[in-house]
Visitor: 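I am attaching a structure below and will ask some questions about it afterwards.
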Amino acid sequence: MLTETEKSLSEQRTNAIDFARLPELHYLGNYVRNLPISLERMMENAYDWEHLPHIHASSFSSIELISGGPWGWRAKIGLPGRANGDYQLIDLLVEQAKHYWVSTVYSGPGAGVEIHTQATAISEHEIEVDVRFYFPEPPENDDTAKMILGYLQQQYKTLYDEDLALMRGRQTALDDRIRWAAGDVRAGDVKVGALVELDQDKVYTFDIGNGRFCVRYWEGRWHAHSAVCTHLLGPLDDAILTKNGEITCPWHGYRFDIVTGENCEKKCSALEAAPQLIDIDGTLYLRRSD
């Protein structure tokens, strides 16, 4: 929940990048990196505020959206390891056509810091990101400046390491959808394995030509469910199954009922219906209907 002060600060914020302000700030340095992904995936990632506490748990403990739109988003962010429950108010403003965005801390630890990022295409499937760090005041001395810059460069290396896995996973999931839609899949049974040999603590995943599905054991029987989250195609292959029969997408924390496939928070559609599980003479099969 926002305090009245936080609400007031947020309402005063502009939704446009103020480039004229840059000469007033101290430029500390930058972090440059090539990434093997497309500009489309990178811009999608910039707008995706929900993934922060799930993909970047070491940097963000929680997030509460204040507002958002084509211009970007504004949120209250929890900081991990803070005994007094410190929060930051952050906005991320985007110039979509220029593949440029600015993240600004406007309240809380680090208030006044602006981080400007320019993404540039090198090829269809490779980009360069140039992340530039601006402070409201210069650090007290050169040693402090080097220490802060080194910390920020390492932090952004970690953030992009983590984001890269998500962005590449998203691209693979989109490519899979195209492949599945174009495939000529015939009805038939896909062997899972002999029941006496299946490990009840293991998740078995199958790409059966029109989708990817998991088979796992819960409450005395085997269940099949889609391995693809319906929100943004996150992977459910390794999702931990809770005692009440729920699996959670690792990208955004969306939860699904293993039996019905319904999203527990009613935030997105249910999982794609899984093939039926059939026991034929002690061997388990997935039965495709089309």
Side-chain angles (χ1 to χ4, degrees), residues 1-2 6 9-10 13 15 17 31 33 35 37 39-82 84-94 96 99-119 127 129 131-133 151-171 173 229-236 238-240 248-255 263-265 267-268:
M1 295 289 292
L2 295 177
E6 291 169 340
L9 286 172
S10 300
R13 299 290 294 174
N15 291 343
I17 298 173
Y31 173 74
R33 179 170 178 176
L35 297 170
I37 48 95
L39 275 176
E40 184 178 6
R41 297 286 79 76
M42 185 70 259
M43 297 310 298
E44 185 178 70
N45 185 266
Y47 278 106
D48 181 13
W49 59 273
E50 280 186 293
H51 80 279
L52 295 182
H54 301 284
I55 301 297
H56 308 304
S58 63
S59 300
F60 308 98
S61 61
S62 64
I63 189 163
E64 176 188 352
L65 183 68
I66 299 171
S67 57
W71 53 268
W73 51 266
R74 187 165 292 116
K76 182 175 183 177
I77 290 177
L79 303 176
R82 300 272 183 158
N84 57 353
D86 279 343
Y87 291 89
Q88 290 176 322
L89 297 183
I90 289 179
D91 54 31
L92 187 142
L93 308 181
V94 183
Q96 176 76 30
H99 306 113
Y100 193 99
W101 60 96
V102 178
S103 176
T104 303
V105 180
Y106 62 93
S107 181
V113 172
E114 292 190 13
I115 299 173
H116 291 237
T117 304
Q118 175 70 66
I127 67 168
V129 287
V131 186
R132 302 172 68 82
F133 308 111
Y151 168 79
L152 289 171
Q153 289 171 333
Q154 182 57 48
Q155 183 184 39
Y156 269 77
K157 177 184 182 302
T158 298
L159 291 174
Y160 276 111
D161 284 346
E162 294 167 343
D163 271 338
L164 185 56
L166 184 156
M167 291 186 286
R168 296 181 80 171
R170 168 80 170 154
Q171 186 63 59
C229 177
T230 49
H231 172 224
L232 283 176
L233 309 184
L236 300 176
D238 297 324
I240 295 173
T248 301
C249 178
W251 288 359
H252 302 95
Y254 283 33
R255 297 179 294 113
N263 174 236
C264 301
E265 303 95 346
K267 293 165 65 177
C268 67

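Note that the numbering runs from 1 along the sequence shown for the chain.
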Visitor: With sequence neighbours excluded, give me every salt bridge (charged side-chain N to carboxylate O under 4.0 Å, His left out) pair touching residues 48-59.
Guide: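 Pairs touching residues 48-59 that pass the test: E50-K267.
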
Visitor: What residues form a side-chain contact (heavy atoms from CB on, under 4.5 Å) with W49, not counting sequence neighbours?
Guide: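 Expected list: I63, L65, W73.
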
Visitor: Might you point out which heavy atoms bring N263 and C268 nearest each other, and give the distance in Å?
Guide: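 The answer is OD1-N, 3.3 Å.
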
Visitor: Please give me the minimum heavy-atom distance between I127 and A119, naming the atom from each residue.
Guide: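 So the minimum-distance heavy-atom pair works out to CD1-CB, 4.5 Å.
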
Visitor: Sequence neighbours excluded, which residues qualify as side chain to side chain donor-acceptor pair (under 3.5 Å) partners of Q171?
Guide: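 Residues passing side chain to side chain donor-acceptor pair (under 3.5 Å) with Q171: R41, D175.
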
Visitor: Test of understanding: with side-chain contact (heavy atoms from CB on, under 4.5 Å), list the residues that count as partners of C264, not counting sequence neighbours.
Guide: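 Residues passing side-chain contact (heavy atoms from CB on, under 4.5 Å) with C264: E246, R255.
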
Visitor: Between CD1 of I77 and CD1 of I66, what distance do you get to the nearest 0.5 Å?
Guide: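 Output value for this atom pair is 9.0 Å.
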
Visitor: Using the test ring pair (Phe, Tyr, Trp, His ring centres under 6.0 Å), find all partners of H231 that sit at least two apart in sequence or belong to another chain.
Guide: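 Ring pair (Phe, Tyr, Trp, His ring centres under 6.0 Å) list for H231, sorted by chain: H252, Y254.
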
Visitor: Mind checking the CZ-CD1 spacing from F60 to I55? Nearest 0.5 Å is all I need.
Guide: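 It comes to 12.0 Å.
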
Visitor: When rounded to the nearest 0.5 angstrom, what is the spacing between OH in Y160 and OG1 in T117?
Guide: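 Result: 4.5 Å between the selected atoms.
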
Visitor: For a quick test of reading the model, state the closest non-hydrogen atom pair linking V94 to G72 and the distance between them.
Guide: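 Looking at all heavy atoms of both residues, the closest pair is CG2-CA, 4.0 Å.
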
Visitor: Please report the shortest heavy-atom distance between A46 and L92, naming the atom on each side.
Guide: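 Between these two residues, the closest heavy atoms are O-CD2, 3.7 Å.
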
Visitor: For residues I90 and S103, report the shortest heavy-atom separation together with the two atoms involved.
Guide: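 Minimum heavy-atom separation between I90 and S103: CG2-OG, 3.6 Å.
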
Visitor: Would you please name every residue forming a side chain to side chain donor-acceptor pair (under 3.5 Å) with H56, sequence neighbours left out?
Guide: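 Expected list: H51, E162, D163.
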
Visitor: Report the distance from atom CZ of R132 to atom CD1 of I115, rounding to the nearest 0.5 Å.
Guide: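 Rounded to the nearest 0.5 Å, the CZ-CD1 separation comes to 13.0 Å.
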
Visitor: Could you list the residues that satisfy salt bridge (charged side-chain N to carboxylate O under 4.0 Å, His left out) with E40, not counting sequence neighbours?
Guide: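 With sequence neighbours excluded, E40 shows a salt bridge (charged side-chain N to carboxylate O under 4.0 Å, His left out) to no residue whatsoever.
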
Visitor: Applying side chain to side chain donor-acceptor pair (under 3.5 Å), can you list everything that pairs with Y31, at least two apart in sequence or on another chain?
Guide: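 Partners of Y31 by the side chain to side chain donor-acceptor pair (under 3.5 Å) criterion, ordered by chain and then number, come out as R33.
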
Visitor: Kindly state each residue pair satisfying salt bridge (charged side-chain N to carboxylate O under 4.0 Å, His left out) with at least one member in residues 65-77, sequence neighbours excluded.
Guide: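 The answer is E6-K76, R74-D91.
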
Visitor: From Y87 OH over to E64 CD, what is the distance, rounded to the nearest 0.5 angstrom?
Guide: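 Going from the OH atom of Y87 to the CD atom of E64 covers 8.5 Å.
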
Visitor: Only pairs at least two apart or in different chains count here, so list each side-chain hydrogen bond (donor to acceptor under 3.5 Å, both in side chains) that has a residue in residues 104-116.
Guide: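 Passing the test, one end in residues 104-116: S10-Y106, R21-E114, Y100-H116, E114-H116.
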
Visitor: Output all residues satisfying side-chain contact (heavy atoms from CB on, under 4.5 Å) with P80, sequence neighbours left out; order by chain, then residue number.
Guide: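 Once residues adjacent in sequence are excluded, the partners of P80 under the side-chain contact (heavy atoms from CB on, under 4.5 Å) criterion are S61.
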
Visitor: Evaluate side-chain contact (heavy atoms from CB on, under 4.5 Å) for H99 paired with M42, printing each intermediate quantity in order.
Guide: CA-CA 9 Å; H99 306 113; M42 185 70 259; over 6 Å; no

Visitor: Would you check, one step at a time, whether the test side-chain contact (heavy atoms from CB on, under 4.5 Å) holds for N45 with I37?
Guide: CA-CA 11 Å; N45 185 266; I37 48 95; over 6 Å; no

